[in-house]
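Remarks on the structure that follows.
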Number of protein chains: 2
Amino acid sequence: MAQRGRRTARVSGDERQDAILITAEALIGERAFDDISIEELATGAGISRPTFYFYFSSKDDVLLALLDRVITEVEHRVGDLPRDFASDPVGAWTRSIGMFVEVFVAHRGVATAAIAARARNDEVRALWSKSMQSWVDFSSDVIRSEQARGAAPEGIDAHDLAVSLNLMNERVITAVLNQESPAIAESGALDVLSTIWIRSIYGSVNPGRR
Amino acid sequence: MAQRGRRTARVSGDERQDAILITAEALIGERAFDDISIEELATGAGISRPTFYFYFSSKDDVLLALLDRVITEVEHRVGDLPRDFASDPVGAWTRSIGMFVEVFVAHRGVATAAIAARARNDEVRALWSKSMQSWVDFSSDVIRSEQARGAAPEGIDAHDLAVSLNLMNERVITAVLNQESPAIAESGALDVLSTIWIRSIYGSVNPGRR
DNA sequence: CGGCCTCTCAACACGGTGTTGACTCTCTCG
DNA sequence: CGAGAGAGTCAACACCGTGTTGAGAGGCCG
């Protein structure tokens, strides 16, 4: 939120700022963020390179602004997520994971760029963490309440489980979208992920001995 | 394998090449790969920057050489992994995952650098994939055989499951090692990961209806 | 109108990468 | 043993991308 980008601002020039963001989002969709120069962003927005610095302090700052929007959307959507897990756990989890996938796909470019940038940029890392945290909080709350009502077995820390499963989602979806190898087919992803979530949240299996 | 780095080579100068690799491995442990300049690698190896180019064609080429070693180790260790899953599935899986964790921790710097570099460098991506593929092949083989002997339920594709779980391991361990947030405690990681693997491989749960 | 604040950019400084061309060893073969 | 072919080395250069500086143009407000 608030004051990402521009320094003091008040009247016009907002359009320029937007133009940079729009250019960035467009380019990010077709090319790696690292391969986009500030020159290109500036030209795309109809300004010179030094002028770019009037609006943003760096290329990463642009990414941050883009990420901000995504975070806002994530927090909205997570907040609106239904919590009717008692009546239809499988469906409810699948819908939640489906929403995670949707957000990722919708902001594919920003997500990919942010994941790459978080290794070197603290602010990007913090912001990304914040959005992952929304999902983790949501899932660990639900897991805990499923454990409390006896539907899911205790014996595993709800938070750790939620973190691991959400990180799995992040990684698997990234692999699918980037057509990595090894990866899985996009069509089957939601299914596999849901199954893993369900089994590891509700299952208490002791194969063989132990 | 073979012929990474140096162009034709035959006699001496090998030491120089090693010196670069050693310097790289040392620096990579204390600083992000991106923040290391070729100048530093050269100086560390006692040569000038242009001379560096005699041995490697780029900084990424050095990383590739480092990765090559890791791949070799991974393939060895995966090959040596016991397959006594019938008698003690939980223990066997935990040991396998433990080995994955060990390799990651042992080559922490290279792993982190490779993960960051794979986004921009095709060769790094290919090499990393190769090592992940070793784990995936191993795990999907075992899952398939566990399904065949009736210990694990069918109804989920062994390959997709193996890919997802291995990507989860990669991501969770990275998060732990980099002290990201959200992440989990290093001490509990193996436990949580094993539990998720076991439950999703052997469990067939239908909570509520379906 | 006069001054301030927003906005703009040419020109510069810098740091990193990769290349060139000339030079020095050292080993080998006639 | 003397000539030539590598192997190995590096000063100097060409580039490109980033970020800064300083000087100005235009509008809005008293």
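Just so it is clear: chains get the letters A, B, ... in the order the sequence lines come, proteins before strands, and each one is counted from 1. In this text the structure is predicted, and so the values were computed from the model without any measurement. Reckoned from all heavy atoms, side chains included, excluding hydrogens, waters and symmetry mates.
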So, does A:S48 get its side chain near the phosphate of C:dC9, meaning an N or O under 4.0 Å from OP1 or OP2?
yes
Is the phosphate of C:dC7 approached by A:T51 (side-chain N or O, under 4.0 Å from OP1 or OP2)?
no
Residues passing the salt bridge (charged side-chain N to carboxylate O under 4.0 Å, His left out) test with A:D157, sequence neighbours excluded, are none
Which atoms of nucleotides 19-23 of chain D (N or O only) lie under 3.5 Å from a protein N or O atom, and what are those distances?
residue: D:dG19; atom: OP2; partner: A:Y53; partner atom: OH; Å: 3.2
residue: D:dG19; atom: N7; partner: A:R49; partner atom: NH1; Å: 2.7
residue: D:dG19; atom: O6; partner: A:R49; partner atom: NH2; Å: 2.4

Presence of salt bridge, A:R77 and A:E73, under 4.0 angstrom:
yes
Thinking salt bridges, do B:R83 and B:E146 make one under a 4.0 Å N-O criterion?
no
Those residues of residues 27-36 of chain B lying under 4.0 Å from DNA chain D by at least one heavy atom
none
Residue pairs meeting ring-ring contact (aromatic ring centres under 6.0 Å, His included), one or both in residues 152-198 of chain B, sequence neighbours left out, come to B:W93-B:W197
Whole-Å gap separating [atom2] ([N]) and [atom1] ([X]):
X: A:F56; N: D:dT18; atom1: CZ; atom2: C1'; result: 17 Å
X: A:Y55; N: C:dC9; atom1: OH; atom2: C1'; result: 12 Å
X: B:F54; N: C:dT24; atom1: CZ; atom2: C1'; result: 14 Å
X: B:E15; N: D:dT9; atom1: CD; atom2: C1'; result: 16 Å
X: B:I47; N: D:dT9; atom1: CD1; atom2: P; result: 7 Å
X: A:L63; N: D:dT18; atom1: CG; atom2: P; result: 14 Å
X: B:E39; N: C:dG18; atom1: CD; atom2: C1'; result: 13 Å
X: B:E40; N: C:dG15; atom1: CD; atom2: P; result: 13 Å

Sequence neighbours excluded, the answer for side chain to side chain donor-acceptor pair (under 3.5 Å) partners of B:R95 is none
Got a sec, which residues hit side chain to side chain donor-acceptor pair (under 3.5 Å) with B:S164, two or more places apart in sequence or on another chain?
none
Heavy atoms under 4.0 Å, any strand shown: does A:S37 hit a base, just sugar-phosphate, or nothing?
sugar-phosphate
Could you list the donor-acceptor pairs under 3.5 angstrom formed by side chains in residues 42-50 of chain A, with sequence neighbours left out?
residue: A:T43; atom: OG1; partner: A:E39; partner atom: O; Å: 2.8
residue: A:S48; atom: OG; partner: A:T51; partner atom: OG1; Å: 3.1

Taking distance alone, no hydrogens or angles, what donor-acceptor pairs closer than 3.5 Å link side-chain atoms of residues 180-188 of chain B to residues at least two apart or in another chain?
residue: B:E180; atom: OE1; partner: B:R171; partner atom: NH2; Å: 2.8
residue: B:E180; atom: OE2; partner: B:R171; partner atom: NH1; Å: 3.3

Run the side-chain contact (heavy atoms from CB on, under 4.5 Å) test against B:T195 and tell me which residues pass, sequence neighbours left out.
A:I156, B:R199
